[in-house]
Amino acid sequence: MVLDRPHSALQPERREIPQPGLGQVLLKVRACAVCRTDLHVVDGELPDIHYPIVPGHEIVGEVAGCGAGVDIPIGTRLGVPWLGSTCGSCEYCRSGRENLCDTAQFTGCQIDGGYAEYTVADARFCLPLPSDLDDIHAAPLLCAGLIGYRALAMTGDARRVGLYGFGAAAHIVAQVARFQGRECHAFVRSGDTEAVAFARELGCVWAGASDEAAPAPLDAAIIFAPVGALVPHALAAVRKGGTVVCGGIHMSDIPSFPYSLLWGERVLRSVANLTRRDGEEFLALAPRVPIRTHVKTFPLEAANEALQQLREGRLSGAAVLLPHG
Ligand SMILES: [Zn+2]
Ligand SMILES: [Zn+2]
């Protein structure tokens with residue numbers, strides 16, 4: 001499924017099975033989850049998208065071939081995340097912050113991704129997957145889970161954590177946070193009673209509308225919804241010294257707000273992309289929680305419908321595309 005230009009529907013396209021190049025694996029895609037970032041790609045809201053592009057960066061695939069320099073047994077199951085390649089030599093890469101690499105390339109943005117029957121990926125950036133999760137339930141871990149995990153880590157030892165937007169990422173973070181002994185408060189769209197019930201079911205101690213006051217000051221908040229207006233709300237909800245983490249790759253403009261909301265050593269920060277180390281840590285942790293992802297599957301050719309349901313907030317958990325039925 002190919003996006004030829006921004007603001008258009010993905011189009012099915014017949015292509016030859018790609019050949020893995022130097023350092024690459026050829027993967028038969030078993031499942032690919034749908035991420036909000038895919039909507040930002042469709043809407044042309046990210047810099048440097050290479051059209052035409054096959055979106056999809058939460059890929060569970062099995063090795064179907066190896067390029068030169070790669071020796072992975074055929075049939076091995078691997079995950080392909082958003083971080084598709086880095087330079088390995090810039091200041092960020094050399095200091096353990098490859099997520100910030102100046103010339104990183106991203107799956108489903110500059111590199112054709114997983115809305116396809118087959119894909120090729122740089123073997124060094126593929127992640128091993130826990131065997132006790134099936135393809136469909138593992139796929140959302142590869143971005144929603146990973147970015148959520150990185151965002152949660154940025155809150156340090158915060159015990160009472162607010163989650164703004166209760167979609168694919170938050171539904172995984174809530175499970176990790178609970179496992180770590182934290183208390184989650186979920187803030188959802190006003191009137192979304194399903195999301196409130198979903199958050200409570202996943203162990204959140206409180207769930208309500210995003211313009212409601214939290215029942216107690218939060219130690220930290222993570223904003224997953226791409227809504228800049230939530231930033232002052234979240235800052236107002238955290239105690240002195242608390243952190244607000246913006247977990248999305250794109251957000252509408254943040255309205256101006258009084259300095260008093262930031263005063264008291266509150267911290268406002270973003271998380272960007274992921275490192276391979278995040279991937280290894282998180283995928284090792286996932287079976288210990290154990291994380292149970294909630295998914296809704298679609299055939300690959302229904303990718304536009306899955307994106308539309310995500311856009312309209314009609315999904316609980318994550319949408320997952322199945323290219324081979
Ligand atoms: Zn670099
Ligand atoms: Zn993503």
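Read the numbers this way: they start at 1 and go in the same order the structure lists the ligands and their atoms. All figures in this text were calculated on a predicted structure; none of them were measured in a lab.
- For the pair SG of C101 and SG of C87, the angle whose vertex sits at the Zn ion (ligand 1) is 110° to 10 degrees.
- The nearest N/O/S atom of H57 to the Zn ion (ligand 2) is NE2.
- Taken from CG in L129 to CG in L283, the straight-line distance is 6.0 Å, to the nearest 0.5 Å.
- The ring of F187 has its center closer than 6.0 angstrom to the ring center of W206.
- Here the angle centred on the Zn ion (ligand 2), running from SG of C143 over to SG of C35, is 130°, rounded to 10°.
- Under a 4.0 Å N-O distance rule, the pair D157/R182 does not qualify as a salt bridge.
- Residues F166 and F198 place their aromatic rings such that the two centres sit under 6.0 Å apart.
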